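First comes the structure, then the notes that go with it.
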Amino acid sequence: VCCAAPAYLERTAAPLAVPSDLARHECLSYANVGLPNAWRFADSEVGAEDVTVRIAPRHRANNGQMLASLATQGLGIVYAPDFIVAEEIRAGRLVSLLPGYRPPRSPIAAVYPSRRHLSAKVRVIVDYLARRFAREQPWQLDGDDGLGPTPDQ
């Protein structure tokens, strides 16, 4: 989720309608990725290509929660997983930005030795993971309004 504090948005005059506008903003970058100065977005239109934006980060860190904390203090825009920023967005300390753009999907895979007879332990954990990640998670944000199910739902 690309987001920033209301205080940051109030004091900046730079537009923020499409991902390329991020180049004119103060961004907070996660350092432990292959390209920490490039943020990828998927356009919500069917068949649209992914968009990659080069940013010049104001701060870099290897801790997503620290970056979210810097963002809540109004120091810039953070692009972080929803499980890190969902509570801050729901509380109004951060505002979700660029609603028509989301991160490209990241598949999850369970890797195990290929055998004709899969062990019961492996089958149980793979089935559990498939069920667990098939349903909405409490931290997920809804794509329409930035608010998803609350943890007590």
Side-chain angles (χ1 to χ4, degrees), residues 1-112 125-126 128-153:
V1 178
C2 188
C3 53
Y8 173 82
L9 298 172
E10 288 172 11
R11 79 166 190 274
T12 186
L16 190 55
V18 294
S20 60
D21 291 339
L22 289 165
R24 293 184 290 278
H25 284 269
E26 300 195 22
C27 297
L28 308 169
S29 177
Y30 185 69
N32 288 350
V33 292
L35 296 170
N37 297 342
W39 290 354
R40 287 184 52 216
F41 294 87
D43 194 319
S44 61
E45 291 185 33
V46 176
E49 292 186 27
D50 289 355
V51 177
T52 300
V53 178
R54 305 257 330 141
I55 59 160
R58 176 179 182 176
H59 296 290
R60 274 185 267 227
N62 63 358
N63 184 300
Q65 290 177 321
M66 179 182 173
L67 292 170
S69 177
L70 292 173
T72 60
Q73 295 172 45
L75 296 178
I77 297 173
V78 67
Y79 192 38
D82 54 1
F83 66 86
I84 291 178
V85 296
E87 183 178 327
E88 302 296 332
I89 290 172
R90 286 191 186 102
R93 293 183 289 269
L94 291 176
V95 176
S96 183
L97 307 171
L98 303 171
Y101 299 89
R102 294 286 177 225
R105 295 186 62 88
S106 297
I108 296 175
V111 180
Y112 49 86
I125 191 67
V126 169
Y128 168 77
L129 292 172
R131 284 190 315 275
R132 179 74 169 105
F133 287 102
R135 66 179 191 257
E136 286 197 20
Q137 304 303 317
W139 64 81
Q140 283 181 306
L141 294 170
D142 181 61
D144 296 332
D145 60 3
L147 301 174
T150 59
D152 38 273
Q153 283 184 320

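Because the structure is predicted, anything quoted here is derived from the model rather than measured.
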Taking all non-hydrogen atoms of both residues into account, name the closest pair between Pro6 and Gly92 and its distance.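 Of all heavy-atom pairs spanning Pro6 and Gly92, the closest is CG-O, 3.6 Å.
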
Give the minimum heavy-atom separation between Ala71 and Ala5, together with the two atoms involved.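 Minimum heavy-atom contact is O-CB, 3.1 Å.
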
Rounded distance [0.5 Å steps], CD in Glu88 versus CD1 in Ile84: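 Result: 11.0 Å between the selected atoms.
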
Return the CG to SG distance between Leu97 and Cys2, rounded to the nearest 0.5 Å.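 Those atoms lie 5.0 Å apart.
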
For Ala38, side chain to side chain contact (heavy atoms under 4.5 Å, CB included) partners two or more places apart: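 Expected list: Leu35, Thr52, Arg54.
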
Tabulate below the donor-acceptor pairs under 3.5 Å that side-chain atoms of residues 9-16 make, not counting sequence neighbours, or state none.
{"unit_1": "Arg11", "atom_1": "NH1", "unit_2": "Gly74", "atom_2": "O", "d": "2.8"}
{"unit_1": "Arg11", "atom_1": "NH2", "unit_2": "Gly74", "atom_2": "O", "d": "2.8"}
{"unit_1": "Thr12", "atom_1": "OG1", "unit_2": "Ala14", "atom_2": "N", "d": "3.4"}

Less than 4.5 Å apart, any side-chain heavy atom of [X] and any of [Y]?
X	Y	result
Pro103	Trp39	no
Pro19	Val53	yes
Asp82	Ile89	no

Where at least one partner belongs to residues 28-39, residue pairs that pass salt bridge (Lys or Arg N to Asp or Glu O under 4.0 Å), sequence neighbours excluded: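 Found none.
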
In chain order, what residues pass the ring pair (Phe, Tyr, Trp, His ring centres under 6.0 Å) check against Phe41, with sequence neighbours excluded?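 Once residues adjacent in sequence are excluded, the partners of Phe41 under the ring pair (Phe, Tyr, Trp, His ring centres under 6.0 Å) criterion are Tyr79.
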
Of all pairs that satisfy ring-ring contact (aromatic ring centres under 6.0 Å, His included), the ones with a partner from residues 9-36, not counting sequence neighbours: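 Qualifying pairs: Tyr8-His25.
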
Determine whether Val95 and Cys3 satisfy the following criterion, side chain to side chain contact (heavy atoms under 4.5 Å, CB included), listing intermediate values before the conclusion. CA-CA 5 Å; Val95 176; Cys3 53; 5.9 Å; no

So if I apply the side chain to side chain contact (heavy atoms under 4.5 Å, CB included) rule between Ser29 and each of Ile77, Val78, Ile55, which one comes out positive?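 By the side chain to side chain contact (heavy atoms under 4.5 Å, CB included) criterion, Ser29 pairs with just one of Ile77, Val78, Ile55: Ile55.
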
Under 3.5 Å, sequence neighbours excluded: what are the donor-acceptor pairs made by side chains of residues 56-69?
{"unit_1": "Arg58", "atom_1": "NE", "unit_2": "Glu26", "atom_2": "OE1", "d": "3.1"}
{"unit_1": "Arg58", "atom_1": "NH1", "unit_2": "Glu26", "atom_2": "OE1", "d": "2.7"}
{"unit_1": "Arg58", "atom_1": "NH1", "unit_2": "Leu75", "atom_2": "O", "d": "3.2"}
{"unit_1": "Arg60", "atom_1": "NH1", "unit_2": "Asn37", "atom_2": "OD1", "d": "3.3"}
{"unit_1": "Asn63", "atom_1": "OD1", "unit_2": "Gln65", "atom_2": "N", "d": "2.9"}
{"unit_1": "Asn63", "atom_1": "OD1", "unit_2": "Met66", "atom_2": "N", "d": "2.9"}
{"unit_1": "Ser69", "atom_1": "OG", "unit_2": "Gln73", "atom_2": "NE2", "d": "3.2"}

